[in-house]
Protein chains: 2
Amino acid sequence: MTPPQSPEQGAEPAGKSLFSLQRRERLMDELRAHGSITVRAIAAELGVSELTIRRDVNLLAVEGLVSRVHGGATLPSPLDRTASMTRPQTNRYSIGMVVPSLDYYWPQVISGARAEADERQAKILVRGSTYDAADNRQQVQALLNTQNINGLIVAPDITGEAGRELLRWLNSLPIPVVLAERRSPIEIPAHRLEWVATDHAFGAGMATRHLWQEGHRKIGCMTDSNSPTSAHVVRGWLQALGALRIPAAQSVNEDSAHVPTSDRAEHFDRILQLCRETDTTAMLVHSDTQAVAFVQHCVDRGVDVPGSMAVVGYDDEVAYLAEPAISAVRPPKQYVGRLAVQLITARISEGPKRPVHRVQLNPDLIVRDSSLGGPRSSAHALEDSL
Amino acid sequence: MTPPQSPEQGAEPAGKSLFSLQRRERLMDELRAHGSITVRAIAAELGVSELTIRRDVNLLAVEGLVSRVHGGATLPSPLDRTASMTRPQTNRYSIGMVVPSLDYYWPQVISGARAEADERQAKILVRGSTYDAADNRQQVQALLNTQNINGLIVAPDITGEAGRELLRWLNSLPIPVVLAERRSPIEIPAHRLEWVATDHAFGAGMATRHLWQEGHRKIGCMTDSNSPTSAHVVRGWLQALGALRIPAAQSVNEDSAHVPTSDRAEHFDRILQLCRETDTTAMLVHSDTQAVAFVQHCVDRGVDVPGSMAVVGYDDEVAYLAEPAISAVRPPKQYVGRLAVQLITARISEGPKRPVHRVQLNPDLIVRDSSLGGPRSSAHALEDSL
DNA sequence: TCTGAACTGATCATGATCGAACAATCCGAC
DNA sequence: GTCGGATTGTTCGATCATGATCAGTTCAGA
């Protein structure tokens, strides 16, 4: 079917019918996130007929909010001569944006940034990059070379010496820079860098507490140290374990980085074995996709979810697709993008007098089936409460 | 009177007929919580006819508080062409504000808050309190009792069990609460509390680095543990010492709390003696007033400032009054107030869907005479640079 | 250039929602 | 008690949102 779309944050895709206005908003979200949409895909996703979507597209096209193309729509393009002649086209700012991925997580951040930019008559120029400092820098440089950019939103790799060097370079750029989902570490005083990031440690803690409240007393954690957020997830999980008086040393804590897809099954088997040995009945799994794979594996092996193994995912990109649907921590991705644009535009217009802002946002916990009911065979379920 | 409707869950469907104003309030609550409502559902829930709800929706739509759609209403959407082009129609919120002092530091915070509130046509009701949790709570309670408050900005005492209890209480209030210059500690998951605070650790680090750059190689710190910011100042100072490879163990670190004014002179003499013994040529002094007194004392004792003792104050309230004028870290007090009002109004109008925001602002370093020129008798001044 | 597949827009049908007019009710003032 | 204004409920034709059908159009590959 469709390639790994980014399922919007509707929680239940076809569960509730939306009003037409909301549908058009969703459509614009999708458009801002990916730059284009197909009528077919959106119709399927929203559970309405293609005709309806086409009507929406027409409406938005009349208002000049989209450009119609055969089979779908794109963001308004200057090449589109049918575009309304209104010409409120006076963009005050151009903001460059470099993100490490255009498939996962970041489309929604971009969507939020674009939405906010629209309201502020700014333009966002997005470039996809990788989780690698050298490439990050190259992409930023490319933006600076080819475009007249007033500000920059970046989600760079900040690990290692290359990452620190990149931060120093960003800090020294002549235009304002806002980091998205990254923090400038204390030890390098990049005093000009502002940032907005989700408090992933809080999210992990929230998930852990939720599992505790459902009756689990041994809660493991599976992460992927390739991802910059993993460290925060582990930190939050450990912190929560401490608060709940769960001995961290005996808790399952596995890193899935560097496990090739071919070895995944045995990796999961090993983890399940560990869980059995340690009486672990619940896992917090960083990166949703990993969580989906893990739940799938559990089902394949006859391990009941959530009865024998409760799972909470992280990121909430695809968690709702699994069977059973997976509870997941949902970072406020749209808001991260919005806030980044707010910070950048405020900085551009107010100048250096404005103090450096550093914002943390708390994620939400979306509870679905995979974590409800507590450990089935456990005698102490629900006897306590936090 | 309406006949007893079908028994609804939880709410009070038939219990008591609401006044229209309450109904609309309820309607907005529902809207903020879910993003949209259907006329039918709300009518059933409130036990009134759909027409009534429709009339309410019309009214709210005229005020620009909702967007009308066929079958219900949504939060105001930029796609809503019928939206009144007038202005954001910022409602007149009443915001309570409880600060621990009305003479020092806080007047500027209040001033910033007032300025921001004026722009948003909101009203600020300020109450002075003390650095004591019990009194904080009393003042907040008084505000809640006597006024109709939509939101609360508080700078409470958060130390000890009383402080934690106060935070829990604030977190459970039915109206939004924003902490000013305070952070909710991680170990107590006050998940609803938002805050805006100056990054005092950053400020202390900046001051320490400044003194290093001026040539000082032993940098002490004088704080007042009565103040909630002192801990952060010490933390930032220690962090900077670490980064600069200055052994913290041998550095002068004095607490002026509990030193009565009568004993101040000998306290300062003791500190000066310590400095002489450890070759300390610079001090970071928390609380400006203390810094002024200290510089005065140095001058009285014939210790040259900055030649023999460089001083950087903290807070920048009265630092410029001293002779010589004292360099000081200046927290962005106005912005703290402004941002607190921004957070609270955004929270009131956007409801719980908006993620919890936690903002840190970086302070400035205002360099005056008291820290310039480096240690006079030092041989290694300016030989290094960071 | 041709051709099949995919896309598009016009038209109509259907069910739900909306608004205007009028009736019923409640509330406070005299 | 009763009067007037404000609020709410009822009815019914008008309006709107959506989907189905089908003929016309566009696209992409041969």
Exercise for review: Measure from CZ on B:Arg54 to P on C:dA20 and round the result to the nearest Å.
Suggested key: 11 Å
Exercise for review: Starting from P on C:dG19, measure out to CG on B:Leu59 and report it in whole angstrom.
Suggested key: 13 Å
Check your understanding: Between B:Arg354 and B:Leu343, is any pair of side-chain heavy atoms under 4.5 Å apart?
Key -> yes
**Study point:** Test: B:Glu194 and B:Arg347 ion pair at under 4.0 Å
**Key:** yes
**Study point:** Nucleotide nearest B:Arg68 (side chain, heavy atoms from C-beta), chosen from C:dT17, C:dG19, C:dG9
**Key:** C:dG19
Review point. Is a side-chain donor-acceptor pair under 3.5 Å present for A:Ser371 with A:His210?
Key: yes
Study note, to complete from the structure: With sequence neighbours left out, the residues meeting salt bridge (Lys or Arg N to Asp or Glu O under 4.0 Å) with A:Arg54 are A:Glu50
Practice item. Sugar-phosphate means primed atoms, P, OP1 and OP2; the rest is base. With that split, encode nucleotides 16-30 of chain D 5' to 3' as B, S or - using protein heavy atoms under 4.0 Å. Key: SSBBB-----SS---
**Study point:** Pair A:Asp316-A:Lys333, salt bridge (charged side-chain N to carboxylate O under 4.0 Å, His left out): steps then yes or no
**Key:** CA-CA 10 Å; A:Asp316 200 36; A:Lys333 300 165 213 162; 6.0 Å; no
Practice item. Name the nucleic acid region contacted by B:Val69, choosing base, sugar-phosphate or nothing; use a 4.0 angstrom heavy-atom cut-off, strictly under. Key: sugar-phosphate
Point to revise | SB check A:Arg330 A:Asp364 (cutoff 4.0 Å) | key: no
Point to revise | End axis versus end axis in the helix from C:dT1-D:dA30 to C:dC30-D:dG1, the angle rounded to 10°, five pairs used at each terminus | key: 40°
**Study point:** Criterion side-chain contact (heavy atoms from CB on, under 4.5 Å) against A:Leu143, the qualifying member of A:Ile149, A:Val126, A:Ile95
**Key:** A:Ile149
Point to revise | N/O donor-acceptor pair under 3.5 Å between A:Asn362 side chain and B:Val356 backbone | key: no
Practice item. Measure from CG on B:Leu46 to C1' on D:dG9 and round the result to the nearest Å. Key: 15 Å
